[in-house]
Undergrad: 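Pasting a structure below so you can have a look.
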Amino acid sequence: MNTPTVEITAHPSLSDIAQADWDACACPGNGRPEDPFTTYRFLKALEESGSVGGRSGWQPRYLVARADGQVIACAPLYAKGHSQGEYIFDFNWAQAYENAGGDYYPKLQIAVPFTPATGRRFLTRPGFEAMGMAALVQGAVQIAADNDLSSLHITFCTEAEALAGEKMGLMPRVGQQFHWENRGYADFDAFLADLSSRKRKNIRRERAEAQGFGGRIVALSGDAIQPQHWDNFWRFYQDTGNRKWGTPYLTRAFFDRAQETLREDMLLVLALDGDRPVAGALNFIGRDTLYGRYWGSTEYHPSLHFELCYYQAIDYAIQNGMARVEAGAQGEHKLARGYLPVATHSLHWIRDSAFRDAIARYLIAETRAVDEEIEVLTAYGPFKRDTREEQQ
């Protein structure tokens, strides 16, 4: 049996690719995708809203692999003019590269823009997993080499992709996030029963404090989310974006587009003073994972951030039988609230051999440090260690 010839093409717009072909690779089968971030509808919303393209520094170059005329794999590839909105930090790499006289930017990035959520980055039609990933890696590296680009980065890929990519010659990198894991809890109180007495009391205090802010908290999804909700959430998002990043990554038009095509994928938690939202948290719904993404407020109320972002997410996950909550990037304060450290993965290709060797040495030391930190933080987690602790 002859191995089919695989053709790789790069496209500046998803409009060049049939939605059925992309989603056959991104979310094969019926039902909810593993995560919504690599679906055609999510990436198209980023593109059509102007959140990517234009002067954003994220120029789409979507990769498509075809064998015998059939799309077998695709990847969200971008040419990057900066390192913003990635959450796998390479600013020091860029500085060192440019200090040595090179041009680090533009670079190539296989990623979901502004989204530090683990998921498949090499999207393959079932039955073409190995062939599809190999073709996409080869195609992306070839594009970088042919255009004299400094590097290729694949961020927040799965562990399986990281292992496969390392065998293909890419350099793996390990990072850290905090995730909540569902241990088969029947309700929130069952989760609390797993915690040490002190942590359990603290969470109950925070929930009571937050829920006593003077209004009510609602969790909305699907058609319960109305267009006017985004006017309020946009104000929350702008406030957080201006403080954290200087300029919000998403445009206002993204939320209008999301209302049209993504509202079944979203959980919007709002704190209402009467009918007036004063704070909100936006989550995205995967097959077995809830992804916490954005938070903001126009008023300060003690513990409201913890309630809307963390405890409401845990409540939703338990009620809907979900396996975990990914709470986004960074934040050791999540540890005391039941979110434990886990490893995240990325892959990297550097064109310059000397710089590549230096990065490889750095990554060995960094991985060791991250592994040690995860071990230490897990030991300081909020869960009971034995029954003696409860008796003391």
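Values in this document were obtained by computation on a predicted structure and should not be read as measured data.
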Undergrad: Taking only residues two or more places apart in sequence, or in another chain, which ones meet Tyr380 in a ring pair (Phe, Tyr, Trp, His ring centres under 6.0 Å)?
TA: none
Undergrad: Count the heavy atoms of every other residue, nucleotide or ligand shown that sit under 6.0 Å from CD of Glu375, and state whether that count exceeds 12.
TA: no
Undergrad: Report the C-alpha distance between His82 and Phe91 in whole Å, list the side-chain angles of each, state the deciding distance to 0.1 Å, and finish with yes or no for ring-ring contact (aromatic ring centres under 6.0 Å, His included).
TA: CA-CA 9 Å; His82 52 63; Phe91 299 107; 9.2 Å; no
Undergrad: Using the test salt bridge (Lys or Arg N to Asp or Glu O under 4.0 Å), find all partners of Glu307 that sit at least two apart in sequence or belong to another chain.
TA: Arg207
Undergrad: Can you confirm whether more than 12 heavy atoms, excluding those of Gln138, are under 6.0 Å from its CD atom?
TA: no
Undergrad: Could you go step by step and tell me if Phe37 and Tyr291 meet the ring-ring contact (aromatic ring centres under 6.0 Å, His included) rule?
TA: CA-CA 10 Å; Phe37 303 120; Tyr291 300 90; 5.2 Å; yes
Undergrad: I want to check something: taking the side chain as every heavy atom from C-beta on, are Phe254 and Leu262 in contact at a cut-off of under 4.5 Å?
TA: yes
Undergrad: Kindly state each residue pair satisfying salt bridge (Lys or Arg N to Asp or Glu O under 4.0 Å) with at least one member in residues 160-176, sequence neighbours excluded.
TA: Arg173-Glu366
Undergrad: Closer than 3.5 angstrom, by distance alone: can the side chain of Arg66 be matched with the main-chain N or O of Val71 as a donor-acceptor pair?
TA: no
Undergrad: Is there a chain of hydrophobic side chains (I, L, V, M, F, W, Y, each step under 4.5 Å between heavy atoms) that links Ile110 to Ile72?
TA: yes
Undergrad: Among residues at least two apart in sequence or on other chains, which ones pass side chain to side chain donor-acceptor pair (under 3.5 Å) with Arg276?
TA: Asp273, Glu299
Undergrad: Does Gln312 use its side chain to pair, donor to acceptor, with the backbone of Phe306 at less than 3.5 Å?
TA: no
Undergrad: Evaluate side-chain hydrogen bond (donor to acceptor under 3.5 Å, both in side chains) for Glu326 paired with Thr118, printing each intermediate quantity in order.
TA: CA-CA 9 Å; Glu326 291 195 17; Thr118 293; 4.7 Å; no
Undergrad: Tell me whether the count of non-hydrogen atoms from other residues, nucleotides or ligands lying under 6.0 Å of CG in Asp189 goes above 12.
TA: yes
Undergrad: Do the side chains of Asp35 and Arg287 get close enough for a salt bridge, i.e. N-O under 4.0 angstrom?
TA: no
Undergrad: Does one hydrophobic cluster hold both Tyr87 and Val174, with members joined at side-chain heavy-atom distances below 4.5 Å?
TA: no
Undergrad: Apply ring-ring contact (aromatic ring centres under 6.0 Å, His included) to the pair Phe284 and Phe42, showing each step before the final yes or no.
TA: CA-CA 11 Å; Phe284 282 84; Phe42 184 89; 5.6 Å; yes
Undergrad: Answer whether the closest heavy-atom distance between the side chains of Gln177 and Pro116 falls below 4.5 Å.
TA: yes
Undergrad: Which heavy atom of Leu195 sits nearest a heavy atom of Ile203, and at what distance?
TA: CD1-CD1, 3.5 Å
Undergrad: Under the rule for ring pair (Phe, Tyr, Trp, His ring centres under 6.0 Å), what residues qualify as partners of Phe178, not counting sequence neighbours?
TA: none
Undergrad: Under 4.5 Å between side-chain heavy atoms, counting indirect links through other Ile/Leu/Val/Met/Phe/Trp/Tyr residues: same cluster for Leu192 and Phe383 or not?
TA: yes
Undergrad: Any donor-acceptor pair under 3.5 Å linking the side chain of Asn99 with the backbone of Gln95?
TA: yes
Undergrad: Do Trp180 and Ile374 sit in one hydrophobic cluster, given that two such residues count as connected whenever their side-chain heavy atoms are within less than 4.5 Å of each other, even indirectly?
TA: no
Undergrad: Please state whether the rings of Tyr310 and His333 are parallel, tilted or perpendicular, taking 30° and 60° as the class boundaries.
TA: tilted
Undergrad: If every non-hydrogen atom of Leu14 is compared with every non-hydrogen atom of Tyr40, which pair is closest and at what distance?
TA: O-OH, 2.8 Å
Undergrad: For His179, which residues count as a ring pair (Phe, Tyr, Trp, His ring centres under 6.0 Å) partner, sequence neighbours excluded?
TA: none
Undergrad: Between Arg61 and Tyr78, is there a side-chain heavy-atom distance shorter than 4.5 Å?
TA: no
Undergrad: Quick one: does any side-chain atom of Trp22 pair with a main-chain N or O of Thr38 as donor and acceptor, under 3.5 Å?
TA: yes
Undergrad: Is there a side-chain contact between Ile154 and His348, using heavy atoms and a 4.5 Å cut-off?
TA: no
Undergrad: What heavy-atom pair brings Arg121 and Thr115 nearest, and what distance separates the two atoms?
TA: NH2-O, 4.4 Å
Undergrad: Got a sec, which residues hit salt bridge (Lys or Arg N to Asp or Glu O under 4.0 Å) with Lys80, two or more places apart in sequence or on another chain?
TA: Glu86
Undergrad: Do any pairs count as a salt bridge (Lys or Arg N to Asp or Glu O under 4.0 Å) and have a residue in residues 251-267, sequence neighbours left out, and if so which ones?
TA: Arg32-Asp265, Arg41-Asp265, Glu48-Arg257, Asp223-Arg263, Asp231-Arg252, Arg252-Asp256, Arg257-Glu260
Undergrad: When you compare the side chain of Ile217 with that of Leu270, does any pair of heavy atoms fall below 4.5 Å?
TA: no
Undergrad: Judged by atom type as modelled, is there a donor-acceptor pair below 3.5 Å linking the side chain of Lys384 to the main-chain atoms of Ala193?
TA: yes
Undergrad: Look only at the side chain of Asp187 and the backbone of Ala190, and say whether a donor-acceptor pair between them is shorter than 3.5 Å.
TA: yes
Undergrad: Is there side-chain contact between Tyr294 and Leu250, with at least one heavy-atom pair below 4.5 Å?
TA: yes
Undergrad: Side chains of Thr39 and Lys44: do they bring a donor and an acceptor to under 3.5 Å?
TA: no
Undergrad: Does Tyr185 offer a backbone N or O that forms a donor-acceptor pair with the side chain of Asn182 under 3.5 Å?
TA: yes
Undergrad: Hey, are the side chains of Tyr316 and Val325 touching, using non-hydrogen atoms and a 4.5 Å cut-off?
TA: no
Undergrad: Check whether the side chains of His11 and Ser13 place a donor and an acceptor atom closer than 3.5 Å, and report yes or no.
TA: no
Undergrad: List for me each residue that meets side chain to side chain donor-acceptor pair (under 3.5 Å) alongside Arg120, sequence neighbours excluded, and say none if there are none.
TA: none
Undergrad: Is there a path of hydrophobic side-chain contacts, each under 4.5 Å between heavy atoms of I, L, V, M, F, W or Y residues, that connects Leu272 with Leu268?
TA: yes
Undergrad: Quick one: list whatever passes side chain to side chain contact (heavy atoms under 4.5 Å, CB included) with Ala144, sequence neighbours left out.
TA: Leu108, Leu149, Trp349
Undergrad: Nearest heavy-atom pair of Ile143 and Leu77: which atoms, and what distance?
TA: CD1-CD2, 4.3 Å
Undergrad: The criterion is side chain to side chain contact (heavy atoms under 4.5 Å, CB included); which residues satisfy it with Ala24, sequence neighbours excluded?
TA: Arg125
Undergrad: Please determine, by modelled atom types, if Thr344 and Gln176 share a side-chain donor-acceptor pair under 3.5 angstrom.
TA: no
Undergrad: Using atom types as modelled and distance alone, determine if a side-chain donor or acceptor of Ser49 lies under 3.5 Å from a backbone N or O of Leu46.
TA: yes
Undergrad: When you compare the side chain of Phe233 with that of Gln238, does any pair of heavy atoms fall below 4.5 Å?
TA: no
Undergrad: With distance as the sole criterion, is a donor-acceptor pair present between the side chains of Arg324 and Thr289 under 3.5 Å?
TA: yes
Undergrad: Apply the test side-chain contact (heavy atoms from CB on, under 4.5 Å) to residues Leu267 and Leu220: give CA-CA distance (whole Å), side-chain angles for both, the deciding distance (0.1 Å), then the verdict.
TA: CA-CA 6 Å; Leu267 174 71; Leu220 310 173; over 6 Å; no
Undergrad: In the hydrophobic clustering that connects Ile, Leu, Val, Met, Phe, Trp and Tyr at side-chain heavy-atom distances below 4.5 Å, which members other than Ile359 occupy its cluster, ordered by chain and number?
TA: Trp93, Tyr97, Tyr104, Tyr105, Met171, Ile350, Phe355, Tyr362, Leu363
Undergrad: What do the steps show when you test Tyr237 against Phe255 for ring-ring contact (aromatic ring centres under 6.0 Å, His included), and what is the final call?
TA: CA-CA 11 Å; Tyr237 176 71; Phe255 297 100; 5.5 Å; yes
Undergrad: Do Arg368 and Glu372 sit within salt-bridge range, that is, some charged N less than 4.0 Å from a carboxylate O?
TA: no
Undergrad: State, without any angle test, whether Ser303 and His305 hold a side-chain donor-acceptor pair at a distance under 3.5 Å.
TA: no
